[in-house]
Structure formats: C-alpha cells, structure tokens
Chemist: 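Quick one: the structure is below, and I'll ask about it shortly.
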Amino acid sequence: MYQATKHVLATCEQLCALLPAAEKTKPQVLLLAGGVVGYRNDTDREQAFRQESNFFFLSGCNVPSSYLLVAYQPGTSLDKTPSIELFIPEANVADMMWSVPPPSIAAAIETHDVTRVDHPTALPDAILKLIKALPGALFHTLPRGSPLFPAVSEDYLQLVLAAENEGGAATDLFLLPALHRARLIKDDHEVGLIRKACDISSRAHEVVMRVLGAAVKGGIVAGAGAGVDRPLLPSEWLIEQEAEAEAIFVASCRREGALHQAYLPIVAASTRASTLHYCCNGGNDKAFAWGPVGAHDHHNNASLSAGKEIKPQVLLIDAGCEWTCYAADITRTMPVGNGGKFTPEAKAIYELVLEMQKACMEMIKPGVHWDAVHLLSHRILVRGFQKLGIFKSPDSPNSGSWTSEEAILASGTSASFYPHGLGHSLGMDVHDVPSASKPVVNPSIAPNNAAVELGHASFYEYLRLRIKLEAGMVVTVEPGIYFSPHLLAPVRDSPLIDHDVLKRYENVGGVRIEDVVHITADGMENLTKVKSDVDWIEGVCSGKL
Ligand code: GLY
Ligand code: MN
Ligand code: MN
C-alpha cells in the first residue's frame, strides 16, 4: 500500500521546521483538494486524468474530485498517528453508466493508508469538529487562487477561514514548500515505483532500437496484402520517421500497463536533435533525412521504403513513462542509416557525452554539491573538445595560455554546446520539487564555506538542482552536446574555436544520454536498465545483437 502516513508525517515535520517559533507547537491542519476530470474546450469529452502530485503524495488516492483533511500536533498523540481523513465522491447512476465509478467507502479504506474515508458531504462537519477540538489550530492550504493547484471549494474554504474566529488562523504560505522538501527524499516504496517506471521505459527504448536493427538486417517483412488490402501489423512496422519511433515507444509502455507518459516524448532525428524540447508545434513529426548515400557508407536494407536510403544520422529519444504517479526520464541517442552505426563524428561526440556522464556518476554521493558535478561535466566537455580540435588548446598552432582548459571554462563557451543543466530531481514530477531543488540562496559548494571558482555564470542558468546531494534523492544525469545554429551564432567568431573543425561536427545535430540514479548512503544506484555503450547501441541498431 502507498505509505501516505509516512508522507504526512514527513510533510508536517518540514512544515513545523518552516513555521515561526510561536506557531511550531500549535495544532496543524491541512486541507487539500484533489484533481478533477477536465474536459476539452466547450465539450463533454474527458481529458486524461492524472492526480495532482501533492494530493497523491499525502493520500495515495487517485479518485478525481476527492478531498483530504489532516490533523497533526507535535508533542501529542497526533505526531505519531496523525488524523488523515479522505473524502471521495459517492458513485451515482450517471457515473456508473458513463464511466468507472469511484470505489465504495469500504473498498477505499482497505486500499488507502488513511484513518477514515467518507464522502465530501461529510467534510464540513469534519472541519467544524477540528476547529472545536483543536483550538488555535493553524489551517494550511496550497496557494489559493493559483491555477497550478486544484481549488478548494468556497464552501469548505469559508469554514477554514472562519477558524480565525475561534483563535485559529489560515495560511497558504508554508504547505507547498514543506511538501517540496518532504518529496525531495524518496522512501523505498517510492524508489520502487520509479524503478518500475524506468524498467518499462528502458524496455521501450530497447524495443525502438531493436525495430531499427531488425529493419537493417532485413528481418521485418510485410506479409501478403500488408499496407494495401489490410493495415500493417505491429510486427511489420518500420521506423522511417520520428512519429513511428514515438508510436512504438508509447505502445511498448502502454502495453506494459503504464497509463501516462511522464512528459511529452522528444523524438528528434538528424540536426533536429539540437532542439532540446522538440515535442510541440511540429516536433516529433518529420521523416528521417533521405540519401543519396555515399559509396563508402553501409546501406540500409532494401526492405525500407522502396528505392530510398536513409542518410547517416542520429535519432535522439528522450522519453519515460509514469508508474502510479512516479516518473522515468531517460534519453538514448542512436544511429540511423549507415547500417545502424554512428558516423566517426557522431561516435566521437557520443563517446564524449558518455565520458561526461560516467565521470559525473563516479563523483555522485551524499554531501557532494550538484553545482560541482555539473561543473565537472563542462570540464570533461572542454577537455574532449580540445582533443577533437574543436576548442583550441595551448598546443594548437598560434595559441597561447588563454586557450587553457581553465581559461575556456571561465569564458563560458562550452555553454554554447551544452546549454542545459546536468540533471534535476525526479519523482512524481519530471522536474520535481522546484522550490526544494533550487533555493534562492545557494549553499556554498566548498567545505568550510570557502569561496570556489564555479566556471561561468551561464553554466547555471538552466541548472534545476542547486543543492548538496542527500541519500534518498533521485536525480537524472543527462549531459549533452548540441550543434544548434541558434546557440552557435554568438560564438561564430570565437578565437577559442577552430571553426573548420567545428564545421565537420555540426551535422551530428545533438547527443544526449540521460539516466535516472538513486543516491544511496555511500554513492548511487543507476535505476536505468537500457545500456548506453557504443558497442551495444550499434550492435542492436545494426541488427547484430
Ligand atoms: N525530459 C526533459 C528533461 O530531460 O529534463
Ligand atoms: Mn529527459
Ligand atoms: Mn531530464
């Protein structure tokens, strides 16, 4: 069963830590509304329902239009066994006719870790009872009037606000930051849910690669009438465009029971891989780039669209499903065309991104500040680009000490190739718990609070995690290298870059490799099963493994 009581206690402890001293020992009451089913525009067609994350965290309840009322007080019996009252709608005849009705109270009490289940009609009395039983109580809600959270109905809200007349008070300032802090550290059950989402998503990535590889090997054969007298069966599907890769990824997750993708999949072939969130407004919707293919290139098998050859290119897929409201977030970049092998340039960039990721993973353990891990990823990029000759080094002809690794890092030029952060907290949301991940004041990364050189300020603009790692956190490690015309425009005249060498790599487009890792007591555990080494990726995508 989902451990709602544990999460309520963790949230209330964080709440009391945030409160002014005079408020900490008072009774604390939380009132939350769950999500409601939405409808598309001006119609009666349901949109997919996914519970609001904070509501699920405190209740484990997936029933739309529910409410939660929690009472807690430090130093009383409520600090070990808080009162957790869940209010779920009563099934009516229309519900049963049109859709799946909510569970009965008797069924819900068996499947939720709460002290009481009732219908929302019983909520006003429950609120009034707490006002009487807990004089001086502080009532907490999520930010009121915010479109980001389900609104508590005015009928209930007015009762809570009236607590002021009984010596209590109501505030919406503390609950959300307390929830974010509690959600930052995952318990074993939550890690298990993320592991399951990662397992399903890992298999979906591998399925896409194996379909690509099977086509290269000529292993996908359409039977009589396929595509003419009858539609293609899944075993006959080829991947010749981004939409087909997306469809196979999503189908693989869905057939394993995942209800939702954790975010819109990003499926970008060729130079479109340099668009970081290529998923909307025409994203995921182009055919692969077609030949002619040079005589030296391996050819794709002729079972692909008659007479066409796919140009050597990368296919970047950043996609992960959700399992019971917990997310996966995995990126793999694979070769397409060229017989399922990377071009030498794509391979060099891929191996460098993998080296960035491996070096960062070796550094990960509790107590290490994420800024320092992110900085290491830029350092490895700079070193790698110097080896490839894209960045000049003091050994390059006519170069000086201003092309040293430190000087290039300090210039911020690597951010034009790697503009995003190394990773972020992951949990119920993909970019999880923002207020707890990126505090307004960034704690010093150095022991003894010594000032340290952090490279360039631009490295941190899109870094979503800026705290020290703690055991129980789950984070992504997702370095990337991109050749985006927009990002490169400001450095086209940079004296740090050998522009002739750069030109050779620009067609690669972009490479990102993203794994999900769980911070353990002394290091980390990678929750991502799909492999990423070049031999395996090429072996599968060429149909040899
Ligand atoms: N899928 C979005 C990200 O990797 O942050
Ligand atoms: Mn991602
Ligand atoms: Mn990510």
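Note that this is a predicted model, so its numbers are computed, not measured. Only this structure's heavy atoms are used, side chains among them; waters, hydrogens and symmetry mates stay out. We count ligands from 1, going down the list as the structure has it; atoms in each ligand are counted the same way.
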Chemist: Would a 4.5 Å heavy-atom cut-off, applied to side chains only, mark I239 and V208 as touching?
Modeler: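 Side chain of I239 against side chain of V208, heavy atoms only: contact under 4.5 Å found.
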Chemist: Does a donor on one side chain and an acceptor on the other come within less than 3.5 Å for T528 and N526?
Modeler: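 N526 and T528 do have a side-chain donor-acceptor pair below 3.5 Å.
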Chemist: Show the atoms of ligand 1 that are less than 4.0 angstrom away from any heavy atom in E478.
Modeler: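 That gives atoms 3 (C), 4 (O), 5 (O) of ligand 1.
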Chemist: Side-chain contact test, heavy atoms from C-beta onward, threshold under 4.5 Å: evaluate it for F174 versus H140 and give yes or no.
Modeler: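 Result yes, sub-4.5 Å side-chain heavy-atom pair found.
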Chemist: For ligand 1, which atoms have a heavy atom of D318 less than 4.0 angstrom away?
Modeler: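 Contacts of ligand 1 toward D318, numbered from 1: 1 (N), 2 (C), 3 (C), 4 (O).
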Chemist: Going by distance alone, is a donor N or O of one side chain under 3.5 Å from an acceptor N or O of the other, for D329 and T476?
Modeler: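 No, T476 and D329 have no side-chain donor paired with an acceptor closer than 3.5 Å.
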Chemist: Which single N/O/S atom of E478 lies at minimum distance from the Mn ion (ligand 3)?
Modeler: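 Nearest to the Mn ion (ligand 3) within E478's N, O and S set: OE2.
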Chemist: Short check: any N/O/S atom of D318 below 2.8 Å from the Mn ion (ligand 2)?
Modeler: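 Under 2.8 Å: D318 contacts the Mn ion (ligand 2) through an N, O or S atom.
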Chemist: Using the rule side chain to side chain contact (heavy atoms under 4.5 Å, CB included), only one of L488, I408, T413 pairs with I497; which is it?
Modeler: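 The single option meeting the side chain to side chain contact (heavy atoms under 4.5 Å, CB included) with I497 is T413.
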Chemist: Which of the atoms of ligand 1 are close to E514, meaning less than 4.0 Å from one of its heavy atoms?
Modeler: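 Near E514, the atoms of ligand 1 are 4 (O).
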Chemist: So which of the N, O or S atoms of E514 lies nearest the Mn ion (ligand 2)?
Modeler: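 This residue's closest N, O or S atom turns out to be OE1.
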Chemist: What part of D329, side chain from CB on, backbone N/CA/C/O, both or neither, has a heavy atom under 4.0 Å from ligand 1?
Modeler: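 It is the side chain that gets close, since no backbone atom is under 4.0 Å.
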Chemist: Compute whether any side-chain donor of one residue and acceptor of the other, for Y263 and H431, lie under 3.5 angstrom apart.
Modeler: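 Y263 vs H431: no donor-acceptor pair found between side chains.
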Chemist: Would you say R512 touches ligand 1, if touching means a heavy atom closer than 4.0 Å?
Modeler: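 Contact absent.
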Chemist: Need the ligand 1 atom indices (1-based, order shown) with element for anything under 4.0 Å from a heavy-atom of Y263.
Modeler: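 The atoms of ligand 1 under 4.0 Å from a heavy atom of Y263 are 1 (N).
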Chemist: Report yes or no: does H431 have a heavy atom closer than 4.0 Å to ligand 1?
Modeler: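 Within the 4.0 Å threshold, so yes.
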Chemist: Would Q3 and H189 count as having a side-chain donor-acceptor pair, cut-off 3.5 Å?
Modeler: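 Their side chains do not contain a donor-acceptor pair, so the 3.5 Å distance test is not met.
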Chemist: Hey, is ligand 1 close enough to H424 that some N/O pair sits below 3.5 Å?
Modeler: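 Yes, there is a polar N/O contact under 3.5 Å.
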Chemist: What does the angle at the Mn ion (ligand 3) come to, between atom OD2 of D329 and atom NE2 of H424, rounded to 10°?
Modeler: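 The two atoms form an angle at the metal of about 90°.
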Chemist: Under 4.0 Å between a side-chain nitrogen and a carboxylate oxygen: does that hold for R332 and D318?
Modeler: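 No, this pair does not count.
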Chemist: Go through ligand 1 atom by atom and flag the ones less than 4.0 Å from a non-hydrogen atom of H277.
Modeler: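 So the atoms of ligand 1 that pass are 2 (C).
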Chemist: Within the 4.5 Å heavy-atom criterion, are I467 and L184 side-chain neighbours or not?
Modeler: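 A side-chain contact exists here, since the closest heavy-atom pair is under 4.5 Å.
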